[in-house]
Amino acid sequence: MSFIRRGTVALFFCLLTGSALAWGPLGHEVVAELAQRQLDPAAKVEVARLLSAEPGASLRSIASWPDQMQNDPAYAALWRATRSQHYINFHGADCAYDPPRDCRDGQCIIAGLKQQVAILGDRTRTDAERLQALKFVVHFVGDVHQPLHAGYRDDKGGNTYQVQFEGNGSNLHRVWDSGLLSSRNLDAAAYADRLATGEQTPLPASALGADQYVQWARESCLLTAQPGFYPAGHRIGQAYVDAELPLAEQRLRLAGHRLAIVLNHALEH
């Protein structure tokens with residue numbers, strides 16, 4: 001596929017300890033904004049109805065909630081139950097998926113997506129349950145398109161991969177989380193405008209179902225395995241930023257498109 005090429009982007013993420021942030025709030029909001037613009041009328045109405053339980057809420061405002069709840073003691077149990085569903089650890093550069101090994105007891109993003117999409121689409125569930133599922137679906141679709149949420153190296157999503165960037169010591173995930181997207185100096189709406197206009201690479205067709213979530217995760221994993229993913233000599237220069245920012249944006253655009261497809265399907269009735 002066209003989006004699997006040299007290089008990728010690694011935004012903030014900790015696979016083993018600490019928080020499980022992916023694109024950071026801006027990236028997740030961009031994905032949500034792109035999806036909102038592609039919702040079918042019926043899905044748009046149902047999203048608005050579910051969100052009405054939290055006045056002023058939008059897909060953008062809920063997009064980072066599954067990360068943010070870790071700081072709320074009221075959600076401590078839910079955080080523990082879902083924290084491993086923000087990512088998947090593959091075990092080699094071929095990114096082959098072995099569920100008993102890679103998603104034991106349903107603790108991976110593939111299973112998390114399948115579970116939360118099913119709850120969202122189940123009209124026998126309470127609105128509160130479905131709203132919570134909506135928050136997870138919006139977030140998890142963004143996460144699975146962040147390459148290091150489906151990596152195969154044991155470096156905690158780039159947290160332990162030290163780099164030099166703009167003359168300062170940092171690590172790979174911090175550079176991408178705080179530097180790349182913010183370098184555009186755009187808010188989420190303006191960023192979505194940028195990604196929705198101009199010359200566009202055709203988006204791949206997307207079927208739905210658990211196998212599709214496997215495909216999305218493997219796409220991300222394969223990106224991490226490409227030459228150039230980790231900067232040569234642990235140094236990030238302008239050439240690297242110029243090469244990787246467009247790919248990061250491509251993944252955001254694809255995530256927004258696929259999130260809209262998922263929501264349209266789950267909320268079509």
Problem - Expected output: side-chain T82 to main-chain L78 donor-acceptor under 3.5 Å - result: yes
Practice task
Could you tell me which non-hydrogen atom of P231 sits nearest to which non-hydrogen atom of Y240, and how far apart they are?
Solution key: CD-OH, 3.9 Å
Practice task
Report whether L131 and I119 are members of the same hydrophobic cluster (ILVMFWY, side-chain heavy atoms less than 4.5 Å apart, transitive linking).
Solution key: no
Practice task
Return yes when atom CZ of R104 has more than 12 non-hydrogen atoms of other residues, nucleotides or ligands closer than 6.0 Å, and no otherwise.
Solution key: no
Handout entry: Shortest non-hydrogen contact between S84 and Q107, atoms and distance
Key = CB-OE1, 3.4 Å
Exercise for the section: Could you tell me whether the side chain of N89 reaches within less than 4.5 Å of the side chain of D102, counting heavy atoms only? Expected result: no
Exercise for the section: For residues Q36 and K44, determine if any side-chain heavy atom of one lies less than 4.5 Å from a side-chain heavy atom of the other. Expected result: yes
Handout entry: pair Q116-Q132: side-chain heavy atoms closer than 4.5 Å
Key = no
Handout entry: Value rounded to 0.5 Å, distance of CD1 in I261 from CG in L39
Key = 11.5 Å
Problem - Ring centres under 6.0 angstrom apart (H91, Y152) - result: no
Fill in the blank from the handout: In this structure, CD of E29 is separated from CG of L181 (nearest 0.5 Å) by 11.5 Å
Exercise for the section: Test L59 against V31 for side-chain contact (heavy atoms from CB on, under 4.5 Å), laying out the working first. Expected result: CA-CA 9 Å; L59 288 187; V31 171; over 6 Å; no
Exercise for the section: List the atom of L186, the atom of A190, and the distance in Å for their closest heavy-atom pair. Expected result: CD2-CB, 3.9 Å
Exercise for the section: On the 0 to 90° scale, with breaks at 30° and 60°, tag the W216-H145 ring pair as parallel, tilted or perpendicular. Expected result: tilted
Practice task
Please report the closest heavy-atom contact between I88 and A217, naming both atoms and the distance.
Solution key: CG2-CB, 4.1 Å
Handout entry: Nearest heavy-atom neighbours spanning G142 and A255
Key = CA-CB, 4.4 Å
Problem - Side chains of Y191 and E249, donor plus acceptor under 3.5 Å - result: yes
Handout entry: Electrostatic pair R258:E219 at N-O distance under 4.0 angstrom
Key = yes
Exercise for the section: Check the pair C221, Y97 against side-chain contact (heavy atoms from CB on, under 4.5 Å), reporting the backbone distance first and the verdict last. Expected result: CA-CA 10 Å; C221 180; Y97 178 53; over 6 Å; no
Problem - Modelled atom types, side-chain donor and acceptor of D155 and Y230, under 3.5 Å - result: yes
Handout entry: Shared hydrophobic cluster for W79 and W65 (ILVMFWY, side-chain gaps under 4.5 Å)
Key = yes
Handout entry: Side-chain H-bond candidate by donor/acceptor type, Q38 with H257, under 3.5 Å
Key = yes
Handout entry: Side chain proximity check, V117 to Y213, heavy atoms < 4.5 angstrom
Key = yes
Exercise for the section: Starting from the C-alpha separation in whole Å, work towards a yes-or-no answer on side-chain contact (heavy atoms from CB on, under 4.5 Å) for V262 and L120. Expected result: CA-CA 10 Å; V262 168; L120 177 61; 5.8 Å; no
Practice task
Answer yes or no: are there more than 12 heavy-atom neighbours, outside R235 itself, under 6.0 Å from its atom CZ?
Solution key: no
Problem - More than 12 heavy atoms of other groups within 6.0 Å of D105 CG - result: no
Completion exercise
OH of Y87 to OG of S220, rounded to nearest 0.5 Å, is 15.5 Å
Handout entry: Any donor-acceptor N or O pair under 3.5 Å, side chains H28, D143
Key = yes
Exercise for the section: Could you tell me whether the side chain of R60 and the main chain of A32 form a donor-acceptor pair under 3.5 Å? Expected result: no
Exercise for the section: Starting from the C-alpha separation in whole Å, work towards a yes-or-no answer on side-chain contact (heavy atoms from CB on, under 4.5 Å) for H139 and D67. Expected result: CA-CA 9 Å; H139 188 83; D67 284 336; 2.9 Å; yes
Problem - Minimal non-hydrogen separation, D40 against N264, with atom names - result: N-OD1, 2.7 Å
Exercise for the section: Using atom types as modelled and distance alone, determine if a side-chain donor or acceptor of Q226 lies under 3.5 Å from a backbone N or O of L222. Expected result: yes
Handout entry: Within-4.5 Å side-chain heavy-atom neighbours: R184 and R194
Key = yes
Handout entry: Co-membership, hydrophobic cluster, residues Y75 and V138, 4.5 Å side-chain
Key = yes
Problem - G106 backbone acceptor or donor facing Q85 side chain under 3.5 Å - result: yes
Problem - Rounded distance [0.5 Å steps], NE2 in H149 versus SG in C108 - result: 13.0 Å
Practice task
Tell me yes or no: between the side chains of D122 and T124, is some donor less than 3.5 Å from an acceptor?
Solution key: yes
Exercise for the section: To the nearest 0.5 Å, tell me how far L252 CG sits from E33 CD. Expected result: 13.0 Å
Practice task
Please tell me if the side chains of H86 and P66 come closer than 4.5 Å, counting only heavy atoms from C-beta onward.
Solution key: yes
Exercise for the section: Show the numbers, then the answer: is there a salt bridge (charged side-chain N to carboxylate O under 4.0 Å, His left out) between E244 and R251? Expected result: CA-CA 11 Å; E244 305 309 326; R251 295 299 286 173; over 6 Å; no
Exercise for the section: Return yes if some donor-acceptor pair links the side-chain N/O of S170 with the main-chain N/O of V163 below 3.5 Å, else return no. Expected result: no
Practice task
In plain terms, say whether D193 and R37 are close enough for a salt bridge, that is, a side-chain N and a carboxylate O under 4.0 Å apart.
Solution key: yes
Exercise for the section: Find out whether R49 and R130 are in side-chain contact, i.e. whether some heavy atom of one side chain is under 4.5 Å from a heavy atom of the other. Expected result: yes
Exercise for the section: Drop me the distance from L254's CG to L34's CG, to the nearest 0.5 angstrom. Expected result: 10.5 Å
